[in-house]
S.K.: 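One structure coming up, written as structure tokens, with questions to follow.
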Amino acid sequence: MRYPDHAEPVVTLTSGPVNAYAAVLQGLGRTVLYDYDPAFQRFYESVVGKAQEAMRLSNRPVILHGEPVLGLEAAAASLIAADDVVLNLASGVYGKGFGYWAKRYSPHLLEIETPYNEAIDPQSVADMLKRHPEITIVSVCHHDTPSGTINPIDEIGALVAAHGAYLIVDAVSSFGGMKTHPEDCKADIYVTGPNKCLGAPPGLTLMGVSDRAWAKMKANPAAPRASMLSIVDWENAWSREKPFPFTPSVAEVNGLDVALDLYLNEGPEAVWARHALTAKATRAGALAMGLSLWAANEKIASPTTTAIRTPEGIDEKALRQAARERYGVVFSSGRGETLGKLTRIGHMGPTAQPIYAVVALTALGGALSAAGMKLPVGRGIDAALAVIDADGTN
Ligand SMILES: *Cc1c(COP(=O)(O)O)cnc(C)c1O
């Protein structure tokens, strides 16, 4: 049996976009209200309230109406002024990429870069801040998805706050899948979205903004206004009393509302636990099959994505093609510098269920066997099941 390219795969186990929850898809089909209708304005206010609860914020988050790259670029454009000195922390493709945006708005860029299978050491940040008291902004990616590795943002955030600098965090692929909130890491701008662990389609940015970041952006004459990149224009859009600067993505907001309900009703701790368990079972199975993790050590391996190092002599693209063609299972490739070097199994939203670890390991093991690599696939499945069955809550 074969799954041809023109047919939908059976299961998408990528690190985003992910399969949306069925209830979210139904939510997308709700009535598209006129954005100035009082019912929509009340609804929008309530969705922002749910996002505030999910993000555990003391003020209102902002919804921007484009997938989270819009939010990241808007953060760079709005917060970074030409006289700011930015310290960009790069442990992967997204962290590195933020530095290019930062550089567009200020020529003063410092960087700490690690190999892309490691995490940022908070001590290196402390040392850099000490050597460069002129640093005013620090930027960091929490889960650098193309590496499947996690940076210690709460520790980094404490150092940055003590220094008095502003902190920009990309938490797009971690928020909703593990314990992380803007105020836990003292972020001034915290960017996430519905299209990873919240299990909704790509199309919106969710952003936490600290009071002092609002003040800095509003005082920055170069911060975009009357622009798709503007954050400032949306400051009061959450309120039913205030107009929208332009038309919000009504259907996406309908979907987000359901995604937030699912997250809050299941209970964030329970949601994080099934992400962590799925990842743990996947790692155990991969190791038992004789594969290697991309992450330099298991402590920094993400609970929302497992990156597996491409075995010697294997063509990574052909490997993913074989998994799709033989079993209808889709994985993510690496990106940029990690392309070809690893295969990523996403555990996000609806696919953060432990049984998908078994599905992923089976498809990966089968595809590797097809490529001529003899692997004890059964041993991997046994190891994954042992992790799953040992977990009392599942
Ligand atoms: C998914 C993701 C984004 C959003 O960007 P796309 O590349 O367009 O999907 C931003 N940052 C991180 C860390 C992500 O995983």
Side-chain angles (χ1 to χ4, degrees), residues 12-20 55 62-77 88-102 113-114 116-120 138-153 156 167-178 180 182 185 187 189-208 228-229 231 249 252 256 259 275 279 294-295 300-307 330-339 342-349 351-352:
T12 298
L13 298 178
T14 54
S15 20
V18 296
N19 265 332
M55 295 170 83
V62 177
I63 300 174
L64 294 182
H65 297 268
E67 69 109 359
V69 160
L70 170 69
L72 292 167
E73 192 177 347
N88 185 51
L89 307 178
S91 62
V93 173
Y94 281 95
K96 184 73 182 173
F98 191 83
Y100 299 121
W101 279 321
E113 191 168 355
T114 68
Y116 285 5
N117 64 337
E118 287 177 13
I120 301 287
V138 176
S139 46
V140 63
C141 178
H142 186 203
H143 171 210
D144 216 306
T145 329
S147 300
T149 50
I150 297 287
N151 281 314
I153 52 165
I156 291 168
L167 179 66
I168 300 173
V169 174
D170 171 351
V172 175
S173 60
S174 54
F175 176 79
M178 63 186 290
T180 171
C185 60
I189 296 192
Y190 181 99
V191 179
T192 189
N195 51 312
K196 300 284 168 79
C197 302
L198 290 179
L204 299 175
T205 292
L206 286 174
M207 182 183 282
M228 281 299 281
L229 281 182
I231 300 170
S249 301
E252 298 297 338
L256 174 63
H275 282 78
W294 172 257
I300 62 167
S302 168
T304 74
T305 291
T306 299
V330 180
F331 299 125
S332 289
S333 62
R335 255 182 105 161
E337 196 155 307
T338 67
L339 184 67
L342 54 83
T343 301
R344 290 180 295 157
I345 302 166
H347 328 293
M348 293 178 173
T351 59

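Each ligand, and each atom within it, is numbered from 1 in the order the structure gives. In what follows, every heavy atom counts, from backbone to side chain, and hydrogens, waters and symmetry copies are set aside.
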S.K.: For atom 7 (O) of ligand 1, what is the closest protein heavy atom, and at what distance to 0.1 Å?
M.R.: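 Nearest neighbour among protein heavy atoms for atom 7 (O) of ligand 1, to 0.1 Å: Tyr94 OH, 2.5 Å.
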
S.K.: Is the closest heavy-atom distance from Asp144 to ligand 1 below 4.0 Å?
M.R.: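 Distance cut 4.0 Å: Asp144 fails for ligand 1.
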
S.K.: I'd like to know if the side chain of Ser147 pairs up with that of Tyr94 as donor and acceptor (distance under 3.5 Å, no hydrogens or angles considered).
M.R.: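 Looking only at side-chain atoms, Tyr94 and Ser147 do not form any donor-acceptor pair under 3.5 Å.
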
S.K.: So, Thr305 versus Arg344: side-chain donor-acceptor pair below 3.5 Å or not?
M.R.: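 No, no side-chain donor-acceptor contact under 3.5 Å.
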
S.K.: Evaluate the side-chain proximity of His65 to Glu252: yes if any heavy-atom separation is below 4.5 Å, no if none is.
M.R.: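 They are not in contact (no side-chain heavy atoms under 4.5 Å apart), so the answer is no.
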
S.K.: Taking only heavy atoms of His143 into account, list the atoms of ligand 1 that are under 4.0 Å away from them.
M.R.: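 Here the atoms of ligand 1 in question are 13 (C).
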
S.K.: Answer with side chain, backbone, both or neither: which part of Cys141 has a heavy atom less than 4.0 angstrom from an atom of ligand 1?
M.R.: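 Cys141 to ligand 1: side-chain contact only, backbone stays beyond 4.0 Å.
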
S.K.: Judged by non-hydrogen atoms, does His142 sit under 4.0 Å from ligand 1?
M.R.: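 No, that is not the case, since the closest heavy atom of the residue is not under 4.0 Å from the ligand.
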
S.K.: Are side-chain N/O atoms of Thr304 and Ser302 paired as donor and acceptor at under 3.5 Å?
M.R.: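 Short answer, yes.
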
S.K.: So for ligand 1, is Asn195 a polar contact partner (N or O within less than 3.5 Å, distance only)?
M.R.: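 Looking only at distances, the answer is no, because the N/O contact criterion of under 3.5 Å is not met.
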
S.K.: Restricting to non-hydrogen atoms, name the atom on Gly95 and the atom on Ala90 that form the minimum distance, rounded to 0.1 Å.
M.R.: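 Smallest interatomic distance, heavy atoms only, reads C-CB, 3.9 Å.
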
S.K.: With a cut-off of 4.0 Å, which atoms of ligand 1 are near a heavy atom of Ser173?
M.R.: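 Reading through ligand 1 atom by atom, the close ones are 13 (C), 15 (O).
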
S.K.: Would you mind checking which non-hydrogen protein atom is closest to atom 5 (O) of ligand 1, with the distance to 0.1 Å?
M.R.: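 Its nearest protein heavy-atom neighbour is Val69 CG2, 3.2 Å.
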
S.K.: Do you know which two heavy atoms are closest between Val169 and Cys185, and how far apart they sit?
M.R.: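 Taking Val169 first and Cys185 second, the nearest heavy atoms are CG2-SG, 4.0 Å.
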
S.K.: Closest heavy-atom contact between Val172 and Pro68?
M.R.: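 Looking at all heavy atoms of both residues, the closest pair is CG2-CB, 3.6 Å.
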
S.K.: Any atoms of ligand 1 less than 4.0 Å from a non-hydrogen atom of Arg335? List them with their elements.
M.R.: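 Answer, ordered by atom number: 7 (O).
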
S.K.: Using modelled atom types only, decide if a donor and an acceptor are shared between the side chain of Asp144 and the backbone of Ser91 within a distance under 3.5 Å.
M.R.: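 Absent.
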
S.K.: I need the nearest protein heavy-atom contact for atom 15 (O) of ligand 1: residue, atom name and distance, please.
M.R.: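 Ranked first by proximity to atom 15 (O) of ligand 1 is Thr145 OG1, 2.4 Å.
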
S.K.: Among all protein non-hydrogen atoms, which one is nearest to atom 8 (O) of ligand 1, and what is the separation to 0.1 Å?
M.R.: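 Nearest protein contact, heavy atoms only, for atom 8 (O) of ligand 1 is Glu67 OE2, 2.5 Å.
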
S.K.: Just need the protein heavy atom nearest to atom 2 (C) of ligand 1, so name the residue and atom and give the distance.
M.R.: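 The closest heavy atom on the protein side is Lys196 NZ, 2.5 Å.
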
S.K.: Could you check whether any side-chain N or O of Thr114 sits under 3.5 Å from a backbone N or O of Asn117, counting only pairs where one atom can act as donor and the other as acceptor?
M.R.: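 It does not hold such a pair.
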
S.K.: Among protein heavy atoms, which lies nearest atom 12 (C) of ligand 1, and at what distance?
M.R.: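 Its nearest protein heavy-atom neighbour is Asp170 OD2, 3.5 Å.
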
